[in-house]
Structures are given as structure tokens and as C-alpha cells.
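For reference, the structure discussed in these notes is given below.
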Amino acid sequence: MEQKGGAYISTLKQYQAKADYFACACLQKNDGYNVHLTPGGLMYVHEWNNLQYASAASFLLAVYSDYLSAANAKLTCPDGQIQPHEVLNFAKSQADYILGKNPKSMSYLVGYGPKYPTHVHHRGASIASISVLPSMVSCVQGFEAWYRSPEADPNVIYGALVGGPDQNDGFNDDRSSYEQTEPTLSGSAPLVGLFAKLESLSRNKGPYHKRPTTEQPSQNYHHQTSVPSTKSPGVPPVRFLHSITNTWNVGKTTYYRHKVVIKNTSEKPITDLKLVLEDLSGNLWGLSPTPVKNTYELPPWLKVLNPGSDCSFVYIQEGPQAKVSVLSYQ
């Protein structure tokens, strides 16, 4: 496209012709030889794990739009010429569909948004953690006790892209419907590049510049926010946002997955933050214990909590949530 192919121009032109054919087919401009779209606008290629094809194609279209823009060129299709930004807009439409702008209002990226698949075809997601269920789970038991369980996954497999809906935008959130609920790296990986491109465009004006809110509780989950006033003397300049992100039953016992976000609400960096957790009976991740009982500090890799920034930790236990308070800070 930069006319620097030398003796290989003719070969490279063949590659470009294939790229044009592919892009035109995705954008429904290929004289009828187009990629099928669902009624909701999703590219549909295969009944088994279709979203891996849609995410990969969208990533390629985003890359190709950059090439076209750099060369000040247009995509020439049998049904007309397409501007580079139109190619990118189509790729964005696929990202929007995946994240919830679809007839089901379902995010197919697990852990993103208020509604996402909760019966993922994945052992790590569907079998309780060893911290909750210390006894061994055999292969057969995994099928009999967990695979067929009607309960939601005890573990949220954040960032996993499931297979996705059928050609009519229908989706069956069931582990046995593995064509639709099985996650793959080949599906999630291209989204990293696509989201990076969209984030670079939106910056501070669009929905993609924000970190995904991956741990929103469902409508039935308890959600509590504790917001101390940073103007009152003696009140630590941090805010705690406590939410329950998952719940499941083991026998007659109900377990809850709690997430606590710690945000620096001051205009100064905070160091040496120490927290006290009362009524904690389960396992905890994201904080480092100190020699003092029930006292924790930020992990070693997070020395400073800068103004406006946040970090989080999670814990699992039955019963009420733990009480979190600040012991000291600098």
C-alpha cells in the first residue's frame, strides 16, 4: 500500500485483493457474497463458538482500517467504496454487540456488565474452590455434582469470551450447551487488540476509556457503599465500595464472594495503608497479612495509592460481610 514492494508488487497485490474481499464481505458490500449477519447485527460464521470468529474478524478489520488510513486509501468493494472509519465503525459494532448491545441485552464477556453467562462450560468456573470444598473432586464427580448443577458458577471466570448466540441471536446459558457457553483463548485474545484500538480513540469521551466494571452484582445481590467524608477531621481519605459478586450453595451452606474496592479520595498519595478486617471467617486475596491479628496491608507491588486511584481485594465466606476499617496510613 506504500508502493514499496519492488519485485514483489504483484504478489502483494494478491494479498491485498484477499484482504479487500474479506473486508467487503464483512461489511455486506461484496456483491452478495457476504458474511451472514444475525438479526441483531453479529457476524455469524459457525454454530460452534461463533464469537471467536467474530472477535478475530473485528480485530483484523480494525487493523486494516489503520492501514487504509495511513495510505489515505479507501476500501474498494463491488458495491461501492468504503472509508476507513466505516470499516472501524463496523468492528466497533461487533464489540458493542459482544458487550451487551444485542437483542438479549447480554454481555458475552464473562464478568462484564450487569448480565453475563453464569453457567460457563469450564471446570474452573463451575466447581467450587478448594478453599471452600477442600475434598478432592474426581472427574466423574465433576460431571455428576457440578456439571449438571442448575446453580450459577461459584467462580466468575473474568474476561472469558463464551461461544455466543446462535444465528437468530438466541442464547442458552447452560453448561451442556457447550457450543454457546464454552470460552476460548482464541475468542478473548483478539478482543485485547480491538479494545485497545477503541480505547485509544475514545480516551475521555467514550465508553471504552473506562476500565470495564467486571464485578457488578446481579439484581438479587446485596450491594452496599460506605463513603466517609474526606472533609471531616480524623476521617481517613479513602472510600470503601463493598459488593457481593457471586453466591452459591454447598449442601445447606450458602457462600458469598465479596469484593471491596479501596479508593483514594484525597489529593495526596497514600502509603503504608493498614486495614483491620473484623468478622472475617473465609479466605482473602489481594491484601498481605501483617503480624498483628486481623490487620492487613496493601500487597508489596502496590506501595502507593495515588490520588483518585483504587485497588481491590476479595474474600469468600458464609454469613454477613466483614467489617473493614483503616488502622493507619501515611
Could you state whether [X] and [Y] fall into the same hydrophobic cluster, counting links through intermediate Ile, Leu, Val, Met, Phe, Trp or Tyr residues with side-chain heavy atoms under 4.5 angstrom apart?
X    : Y    : value
I157 : Y178 : no
L99  : V156 : yes
Y296 : V326 : yes
L280 : L298 : yes

Regarding [X] and [Y], do their side chains bring together a donor and an acceptor under 3.5 Å, going by distance alone?
X    : Y    : answer
D169 : Y97  : yes
R257 : T245 : yes
N264 : S309 : no
D153 : T118 : no
S129 : S131 : yes

Just wondering, do [Y] and [X] contact through their side chains at under 4.5 Å, heavy atoms?
X    : Y    : value
V162 : L109 : no
Y329 : V238 : no
N30  : Y21  : yes
V120 : D173 : no
S288 : P300 : yes
F313 : I262 : yes
P117 : M106 : yes
P307 : P269 : yes

How many angstroms lie between [atom1] in [X] and [atom2] in [Y], if you round to the nearest 0.5 Å?
X    : Y    : atom1 : atom2 : result
L194 : L60  : CG    : CG    : 10.5 Å
L88  : I82  : CG    : CD1   : 13.5 Å
E151 : T247 : CD    : OG1   : 8.5 Å
L42  : I98  : CG    : CD1   : 7.0 Å
C26  : L75  : SG    : CG    : 10.0 Å
L191 : Y108 : CG    : OH    : 14.0 Å

Which pair of heavy atoms, one from [X] and one from [Y], lies closest together, and at what distance?
X    : Y    : value
Q167 : Y44  : N-CE1, 3.3 Å
M43  : A57  : CE-CB, 3.6 Å
E86  : L27  : O-CD2, 4.0 Å
L51  : G164 : CD1-CA, 3.6 Å
S126 : W146 : O-CE3, 3.2 Å
I9   : G6   : CG1-O, 3.2 Å

Any donor-acceptor pair under 3.5 Å linking the side chain of [X] with the backbone of [Y]?
X    : Y    : value
D79  : D31  : yes
K115 : K104 : yes
T265 : P237 : yes

Apply side chain to side chain contact (heavy atoms under 4.5 Å, CB included) to residues L275 and L287 and explain how you reach the verdict.
CA-CA 9 Å; L275 305 175; L287 295 177; 4.2 Å; yes
Return yes when atom [atom1] of [X] has more than 12 non-hydrogen atoms of other residues, nucleotides or ligands closer than 6.0 Å, and no otherwise.
X    : atom1 : value
L37  : CG    : yes
K263 : NZ    : no
K29  : NZ    : no

Decide side chain to side chain contact (heavy atoms under 4.5 Å, CB included) for S325 and F240; before the verdict, give the C-alpha distance in whole Å, the side-chain angles of both, and the deciding distance to 0.1 Å.
CA-CA 9 Å; S325 59; F240 297 113; 5.8 Å; no
Describe, in one word, how the ring planes of Y255 and W248 are oriented to each other, choosing from parallel (under 30°), tilted (30 to 60°) and perpendicular (over 60°).
parallel
Side chain to side chain donor-acceptor pair (under 3.5 Å) partners of residues 45-74, not counting sequence neighbours, each pair once
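Residue pairs passing side chain to side chain donor-acceptor pair (under 3.5 Å), neighbours aside: D20-Y64, W48-E182, Q52-S186, D66-K197.
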Pairs meeting criterion ring-ring contact (aromatic ring centres under 6.0 Å, His included) with involvement of residues 258-287, two or more places apart
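Sorted result for residues 258-287: H242-H258, H258-Y315.
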